[in-house]
There are 2 protein chains.
Amino acid sequence: MSRKMTIADVAEKAEVSKSTVSQFLNERFEYMGEETRTRVQNAISELEYQPNVVARSLKKKSTSTIGVIVANILHAYSTQVIRAIENVCNDNGFSTIICNADDNPEKEKKYIETLLAKQVDGLIVVPISGNLGTYDKLLKQNYPIVFLDRLVDGLNTDTVLLDNERASELAVSHLLKNGYKDIAIVTTSLVDNVTPRVERINGYKSTLKANGITVRPEFIRGMELNSFNQGLDALFSLDKKPDAIISGNDLTLMEILKYTFENDIEIGKDIGLITIDEVSFGPIHSPPLTTIAQPTFEMGKEVATILLKKIKDKKIKDPVIHRHEPSIIIRNSTKKEGVSSE
Amino acid sequence: MSRKMTIADVAEKAEVSKSTVSQFLNERFEYMGEETRTRVQNAISELEYQPNVVARSLKKKSTSTIGVIVANILHAYSTQVIRAIENVCNDNGFSTIICNADDNPEKEKKYIETLLAKQVDGLIVVPISGNLGTYDKLLKQNYPIVFLDRLVDGLNTDTVLLDNERASELAVSHLLKNGYKDIAIVTTSLVDNVTPRVERINGYKSTLKANGITVRPEFIRGMELNSFNQGLDALFSLDKKPDAIISGNDLTLMEILKYTFENDIEIGKDIGLITIDEVSFGPIHSPPLTTIAQPTFEMGKEVATILLKKIKDKKIKDPVIHRHEPSIIIRNSTKKEGVSSE
DNA sequence: CTGAAAGCGCTTACAG
DNA sequence: CTGAAAGCGCTTACAG
């Protein structure tokens, strides 16, 4: 009852060799007589034998486990993508180990090392800048790895991410169409050149230009979450205040909502608001929030599928960048009173 | 560069035996001359040797990994507790494998088996009814396992959960104090006797009784999330309608908010609302939502600490149930106009 | 169709 | 202080 059963116990009980039990476990029934097969089967169920995956992994040099390192689990995006990844992995007999690097490159590095020591068969990562060397080495060894959400300068590997410029384009166009003219964009820190932030700002600029509107640098703000209040204060103290804001993600949205709430700024009327990333309370907020949604489920599904394919077929292929289309969910936070919506 | 380095490579390079390298890796420096030590050290860094945890685990019969099976990852509660668990595990050199059973007992069972096959050293689980036998067997073998959030009938093991009756007591008392009289409680399905739901309803009943108020069975509703609309319709079609609602958790809250939004029911005025589980948008909702918060971080910390202790010291101890205190965060969704709040 | 043997990469008594 | 040997629980050629 207490000691764990091994293949040797099964072999003894079934009066066959360990090899035969192993063949059975690996469903190589062609190597086995009908009668042997049932004997092994019975021995296994009588002993309640459970194979030891660790031993198998050591021998097979493959763990059927992948690692997922996410830059910041607090984004709803992360959680959703992870669920999709897990679904795909489960369907393929793979386990996932999820790690949250907390936007900290050292933590990320430690996780990479731990995961590799655990012999995971591949890695999905939302990379934080700072571990270029580590990734480069892995990639050169043709170790299976797929990036998510962010590109890394100087690293050439399969990546799944949003068409971020298109996201901003959707946001800006919608705001313009609804009568807003002075559109600001607010996002988290820009110092590390994090792909979505940079691209969203680029898309913002280019769409404004395409509409003949001058880009005002003071309307573009990248700042840490904990200094958002001051940043928004500055924005709203401008001589020329913005009449609409694009929020870079769900976490910045919370800061903006807190600010407007505390300062009695009425969303929709005093200020138009559109946020990238759909949020659970979007529909029931007052006013309901216009959002730009990412197809998180498909994105998760695709990264996992790509990674599993790489693991199964180690042939080197040219890396490709997979862009996903954002979509706009129009609600009332971008509806000026008296201006007809599209 | 390509083939993975092993302890044998290090041994060869450092001109010592594998044993010595292993002693080095395990920091048993007392078994080693100063000079040997640096030779091994250098060999390791030159070869960029990384130990293979799988091999070590096989030999040591311990993986320094725990499994966490959560009934439903969609609850913010789950995510928060998981983060706390991961922190504690990281600090102790343990990894965590997170599984989401999706309220499905078969999925749960499959995860238990997979995790055990992977030789995890222990399990934290938010149990779904239906796998009593499995848990019972594990517990009898003195396998380290701690339950979270829910008690299982007939199973005696360490459990960390909220003082759910107290949570309801806080909610009911606060509502009564604020002038609400006809208080309903709405939660997810009651068919499986899930601990928090049952206890929250018990606390609701007993607090009403303690205040001399008759419990109206039609004010107590347990239903699946996807039939919430009908349920709320029924509740609001009663001759005697409730003037306040207690929401059982964050997911039921969303349904209630959707319903009141769609039916133009004004929270605070038309209906008082208080929800168990703090939500991110609580402070910025209009009106801001009164909530009963769980100390998720401490709960996660405690459950992990208990499990790690069990893993380290396998002595059998009497299982204990650890109740955590909820706290009320008073905001405006329970403020009737014209009635002074506490 | 079945089994003996080697080996995956480590750790740990034990001997010297 | 250091090394040879056994063994963790499997899998996989290979021989018969």
Side-chain angles (χ1 to χ4, degrees), chain A residues 2-41 43-44 47-65 93 113-114 116-121, chain B residues 2-41 43-44 47-65 93 113-114 116-121:
Chain A
S2 183
R3 191 180 59 87
K4 267 196 189 126
M5 292 298 143
T6 73
I7 214 176
D9 300 308
V10 177
E12 197 186 349
K13 178 124 195 163
E15 299 181 294
V16 297
S17 75
K18 293 193 294 170
S19 318
T20 304
V21 178
S22 179
Q23 305 291 18
F24 178 93
L25 292 173
N26 290 284
E27 297 179 309
R28 275 192 273 275
F29 300 129
E30 62 278 23
Y31 295 100
M32 207 171 307
E34 175 69 23
E35 198 254 355
T36 318
R37 181 173 161 175
T38 54
R39 274 222 312 283
V40 175
Q41 174 68 277
I44 286 177
L47 297 175
E48 298 187 347
Y49 168 76
Q50 301 273 60
N52 181 327
V53 171
V54 173
R56 153 180 296 185
S57 298
L58 177 59
K59 183 65 201 179
K60 299 247 267 191
K61 290 160 162 283
S62 135
T63 52
S64 290
T65 301
E113 279 165 8
T114 309
L116 292 179
K118 279 179 170 289
Q119 315 294 119
V120 296
D121 296 338
Chain B
S2 184
R3 190 180 61 87
K4 268 196 189 126
M5 292 299 143
T6 72
I7 213 175
D9 300 309
V10 179
E12 197 185 351
K13 178 123 196 162
E15 299 181 295
V16 297
S17 73
K18 293 193 293 169
S19 319
T20 303
V21 178
S22 178
Q23 304 292 20
F24 178 92
L25 293 173
N26 290 283
E27 297 179 309
R28 274 192 272 276
F29 300 128
E30 62 277 24
Y31 295 99
M32 207 171 306
E34 176 67 22
E35 197 255 355
T36 318
R37 182 173 160 174
T38 53
R39 274 222 312 282
V40 176
Q41 175 67 279
I44 286 178
L47 298 175
E48 298 187 350
Y49 167 76
Q50 300 274 58
N52 180 326
V53 170
V54 173
R56 154 180 295 185
S57 297
L58 177 59
K59 182 66 199 176
K60 298 247 268 189
K61 289 161 161 280
S62 135
T63 51
S64 290
T65 302
E113 279 164 8
T114 309
L116 292 178
K118 279 178 170 289
Q119 314 296 116
V120 295
D121 296 337

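For C:dG7, the base has a donor-acceptor partner in the side chain of A:Lys59 [N/O atoms by modelled type, under 3.5 angstrom].
Side-chain contact, B:Ser17 with B:Thr20: a donor N or O sits under 3.5 Å from an acceptor N or O.
Nucleic acid contact for B:Tyr49: sugar-phosphate only, since backbone atoms but no base atoms lie under 4.0 Å from a heavy atom of the residue. Using a 4.0 Å heavy-atom cutoff across all strands shown, B:Val16 reaches sugar-phosphate atoms only and no base atom. Within the nucleic acid shown, B:Ser57 has no heavy atom closer than 4.0 Å to any nucleic acid atom.
For the OP1/OP2 pair of C:dG3 and a distance below 4.0 Å, the side-chain nitrogens and oxygens of A:Ser19 include no atom meeting the criterion. For D:dG3, the OP1/OP2 oxygens have a side-chain nitrogen or oxygen of B:Thr20 closer than 4.0 Å. Side-chain nitrogen and oxygen atoms of B:Asn52 include none within less than 4.0 Å of the OP1 or OP2 phosphate oxygen of C:dC8. Considering only side-chain N and O atoms, A:Arg28 lies nowhere under 4.0 angstrom from the phosphate OP1 or OP2 of D:dT11. Residue B:Ser22 places at least one side-chain N or O closer than 4.0 Å to OP1 or OP2 of C:dT11. Taking only side-chain nitrogens and oxygens, A:Lys61 comes nearer than 4.0 Å to OP1 or OP2 of C:dG9.
Between B:Leu25 and B:Val10, every side-chain heavy-atom pair lies at or beyond the 4.5 Å cut-off. At a threshold of 4.5 Å between non-hydrogen side-chain atoms, the residues B:Asn52 and A:Gln119 count as touching.
In DNA chain D, consecutive stretches of 3 or more Watson-Crick or G-U wobble pairs with both distances under 3.5 Å are given as paired ranges: C:1-3 with D:14-16, C:5-12 with D:5-12, C:14-16 with D:1-3.
For B:Glu48, the salt bridge (Lys or Arg N to Asp or Glu O under 4.0 Å) partners are A:Lys137, not counting sequence neighbours.
Each of B:Glu35 and B:Lys60 was assigned the nucleotide of DNA chain D with the nearest heavy atom; the assignment lying further toward the 5' end belongs to B:Glu35.
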